[in-house]
There are 2 protein chains.
Amino acid sequence: MPPEEMTPRRRNRRNEILEVAGELFARHGVDAVTTRRIAQAVGISQPSLYAHFASLQQIQDEVAAEAFARLEQAISSADGESPETQLEKAVRGYFDFGLSHPYAYRIAFMVEYPADKPDPADPSVSAFFQTDHPGPRASEHLCRIVGLNRPDLSAKAVIMRSQSLWASLHGLVSLLLARPAFPWGEKQELVDEHSRLACKMVFD
Amino acid sequence: MPPEEMTPRRRNRRNEILEVAGELFARHGVDAVTTRRIAQAVGISQPSLYAHFASLQQIQDEVAAEAFARLEQAISSADGESPETQLEKAVRGYFDFGLSHPYAYRIAFMVEYPADKPDPADPSVSAFFQTDHPGPRASEHLCRIVGLNRPDLSAKAVIMRSQSLWASLHGLVSLLLARPAFPWGEKQELVDEHSRLACKMVFD
DNA sequence: AGGTAAAAGCTATCGCTGATAGGGTGGCTT
DNA sequence: AAGCCACCCTATCAGCGATAGCTTTTACCT
């Protein structure tokens, strides 16, 4: 059922659950948050969650989607400025988002792809790449910005370059999230230097 | 107990369990492999696993460590050749490894860091960064190769650059593993182009 | 060869997980 | 006022990782 067709009471409960779940994900990590913990924090019984969501996975997906709307906003916040400025701000926004929403980032991009379910039509696989989802929209923004900076490249080359850029940004974010105990030196310095190199990479 | 102090029978069982678990991880994905499935495939009861390993996590870690020895080998396989050749072969070896050992890669670098256990001394967190582990050894090789290619940089700058390179490689591998259904275009072409950009990044 | 102690297997069980079945209750609509 | 339906509840299920306690098998040492 689309949200706008829901009764206000139902929508409020849904939003309340998503809000509480988001706080728990941020505080305890995605894997440590169970349906019973969410239900207890909301103040309802565990099975009652299933009147609003089909599964725990769906709750995780919707919480992550909400956070990703902010990534899209961060990436495209420099609309109208010079291509270089847009690129720099997008890169900066990407790191800010990933490092300050680790749980959403993990849900979206660090989950395992089940090897015995290689069906791209599986909704659990492709949910994040439907056109109305903030995740792919964010990557489209990135692609557009790369195109602005490299009008000399073909459309295909722009796509590949933006995917390389995305991979490069994603790599540092996910490593910093997955291995916070690694001897990274000064993290902010590493992020700054990596941002510089990633921007330069677009022009190689 | 160190492996060399084990009785041969015990060591054989251990190795058999690790081998079977590795095949199951590769075939069904890490999350789908339970202690009961491993035990059934080996031909013993589920609790019997705990005579050889303290936890499922330990089994996962040891399987991943075994695979990572191959990454270390791949990265350092060009010892003695020119710095540029060593860099190119290391980058190539990294992609070959990550894309052909997805389960090991995921165990090692795509797991969640528990937000309420920020203790770096926690063995479950730092296991992969003990000096005798293939994971950090591989990253040290990468650092050494970057140093060979950039003798002009300070030691600190070399470390940062190698971490940027690592992040860039890791980013593409983990995205390809986590999002195989994404419209990547021709994957091999993307990997080749990204390799080229990553190598260039070292010299920026 | 025989005795002994540890290694390694088993069954049974615990507390937890996500998810489902089915019955009750209260508020909005007609 | 009547009725419907959205919502929440208790009870329960199968499966999970892990532990307890007992039995069998193996290996070693006299």
Side-chain angles (χ1 to χ4, degrees), chain A residues 1-21 24-25 28-64 107 111-112 114 116-117 122-124 127, chain B residues 1-21 24-25 28-64 107 111-112 114 116-117 122-124 127:
Chain A
M1 190 191 326
E4 59 272 15
E5 293 179 12
M6 296 177 185
T7 167
R9 178 172 161 229
R10 181 180 181 83
R11 197 163 48 231
N12 285 343
R13 259 292 194 241
R14 260 186 78 92
N15 291 339
E16 185 186 1
I17 292 170
L18 290 176
E19 191 174 333
V20 167
L24 292 178
F25 289 148
H28 305 290
V30 176
D31 288 345
V33 175
T34 68
T35 53
R36 283 167 177 82
R37 286 187 77 169
I38 297 173
Q40 186 183 17
V42 173
I44 62 179
S45 74
Q46 179 252 354
S48 293
L49 290 177
Y50 290 84
H52 301 274
F53 303 93
S55 65
L56 176 61
Q57 182 64 53
Q58 190 190 348
I59 297 178
Q60 294 174 353
D61 284 345
E62 299 212 13
V63 170
I107 291 171
V111 298
E112 178 180 37
D116 51 356
K117 272 195 268 171
D122 184 335
S124 75
Chain B
M1 190 195 322
E4 59 272 12
E5 291 179 14
M6 295 178 186
T7 166
R9 178 172 160 232
R10 181 179 181 80
R11 197 163 48 230
N12 286 343
R13 256 294 193 241
R14 263 185 77 93
N15 291 339
E16 185 186 1
I17 292 171
L18 291 176
E19 192 172 332
V20 167
L24 292 178
F25 289 148
H28 305 290
V30 177
D31 288 345
V33 175
T34 68
T35 54
R36 283 168 176 81
R37 287 186 75 168
I38 296 173
Q40 186 183 17
V42 173
I44 61 179
S45 73
Q46 178 251 355
S48 294
L49 290 177
Y50 291 83
H52 301 274
F53 302 93
S55 65
L56 177 61
Q57 182 63 52
Q58 190 190 347
I59 296 178
Q60 294 174 353
D61 284 346
E62 298 212 12
V63 170
I107 292 171
V111 299
E112 179 180 37
D116 52 356
K117 272 195 268 172
D122 184 335
S124 74

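These figures come from a predicted structure and were not determined experimentally. Hydrogens, waters and symmetry mates play no part in the numbers below; they use all other heavy atoms, side chains included. So that the names make sense, note that chain A is the first sequence line, chain B the second, and so on, each numbered from 1.
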Visitor: Got a sec, which residues hit side chain to side chain donor-acceptor pair (under 3.5 Å) with A/Q40, two or more places apart in sequence or on another chain?
Guide: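 A/Q40: no side chain to side chain donor-acceptor pair (under 3.5 Å) contacts found.
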Visitor: Got a sec, which residues hit side chain to side chain donor-acceptor pair (under 3.5 Å) with B/E19, two or more places apart in sequence or on another chain?
Guide: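 With neighbours one apart ignored, the set is empty.
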Visitor: I'd like a list of close polar pairs between nucleotides 10-14 of chain D and the protein, N/O only, cut-off under 3.5 Å.
Guide:
none

Visitor: May I have the distance from B/Q57 (atom CD) to D/dA18 (atom P), rounded to whole angstrom?
Guide: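 For the pair B/Q57 CD and D/dA18 P, the rounded distance is 9 Å.
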Visitor: In whole Å, what is the span from the CD atom of A/Q60 to the C1' atom of C/dG18?
Guide: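 Going from A/Q60 (CD) to C/dG18 (C1'), I get 11 Å.
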Visitor: Grab the CG-C1' distance between B/L56 and D/dT19 for me, whole Å please.
Guide: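 Rounding to the nearest Å, CG of B/L56 and C1' of D/dT19 are 16 Å apart.
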Visitor: Would you please name every residue forming a side chain to side chain contact (heavy atoms under 4.5 Å, CB included) with B/L56, sequence neighbours left out?
Guide: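 Scan of B/L56 (side chain to side chain contact (heavy atoms under 4.5 Å, CB included), adjacent residues dropped) gives B/T35, B/I38, B/Q60.
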Visitor: Roughly how many Å is it from NE2 in A/H52 to P in C/dA19, rounded to a whole number?
Guide: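 Atom-to-atom, A/H52 to C/dA19, this comes out as 15 Å.
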Visitor: Taking all heavy atoms of A/R37 and all of A/A32, pick out the closest pair and write down the distance.
Guide: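 So the minimum-distance heavy-atom pair works out to NH1-O, 3.4 Å.
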Visitor: Considering residues at least two apart in sequence or located in another chain, which fulfil the side chain to side chain donor-acceptor pair (under 3.5 Å) criterion with A/S45?
Guide: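 A/S45 satisfies side chain to side chain donor-acceptor pair (under 3.5 Å) with A/S48 once adjacent residues are dropped.
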Visitor: Using whole Å, what does the distance between atom P of nucleotide C/dG9 and atom CG of B/L49 come to?
Guide: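 Distance check: B/L49 CG to C/dG9 P gives 9 Å.
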Visitor: Can you tell me how far C1' of C/dT17 sits from CD of A/Q40, to the nearest Å?
Guide: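 About 15 Å, once rounded to whole Å.
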Visitor: Whole Å only: how far is the CG atom of A/D61 from the C1' atom of C/dG18?
Guide: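 Taking CG of A/D61 and C1' of C/dG18, I get 15 Å after rounding.
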Visitor: Please report the closest heavy-atom contact between B/H52 and B/R14, naming both atoms and the distance.
Guide: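 So the two residues come closest at O-NH1, 3.1 Å.
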Visitor: Only Watson-Crick and G-U wobble pairs with both distances less than 3.5 Å should count. Give DNA chain D in dot-bracket notation, marking inter-strand partners with |.
Guide: ||||||||||||||||||||||||||||||
Visitor: What's the shortest heavy-atom distance between A/I107 and A/A64, and which atoms?
Guide: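 Answer, listing the atom of A/I107 first, then A/A64: CG2-CB, 3.6 Å.
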Visitor: So, OP1 or OP2 of D/dC8: does either fall under 4.0 Å of a side-chain N or O from A/R13?
Guide: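 Affirmative; the distance criterion is met.
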Visitor: Specify the separation, in whole Å, of atom CD1 of B/I38 and atom C1' of D/dA18.
Guide: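 Spelled out: CD1 on B/I38 to C1' on D/dA18 is 14 Å.
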Visitor: Closest approach of A/F53 and A/I59, non-hydrogen atoms and distance?
Guide: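 So the minimum-distance heavy-atom pair works out to CG-CG1, 3.5 Å.
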Visitor: Could you go step by step and tell me if A/R13 and A/V42 meet the side chain to side chain contact (heavy atoms under 4.5 Å, CB included) rule?
Guide: CA-CA 9 Å; A/R13 259 292 194 241; A/V42 173; 4.0 Å; yes
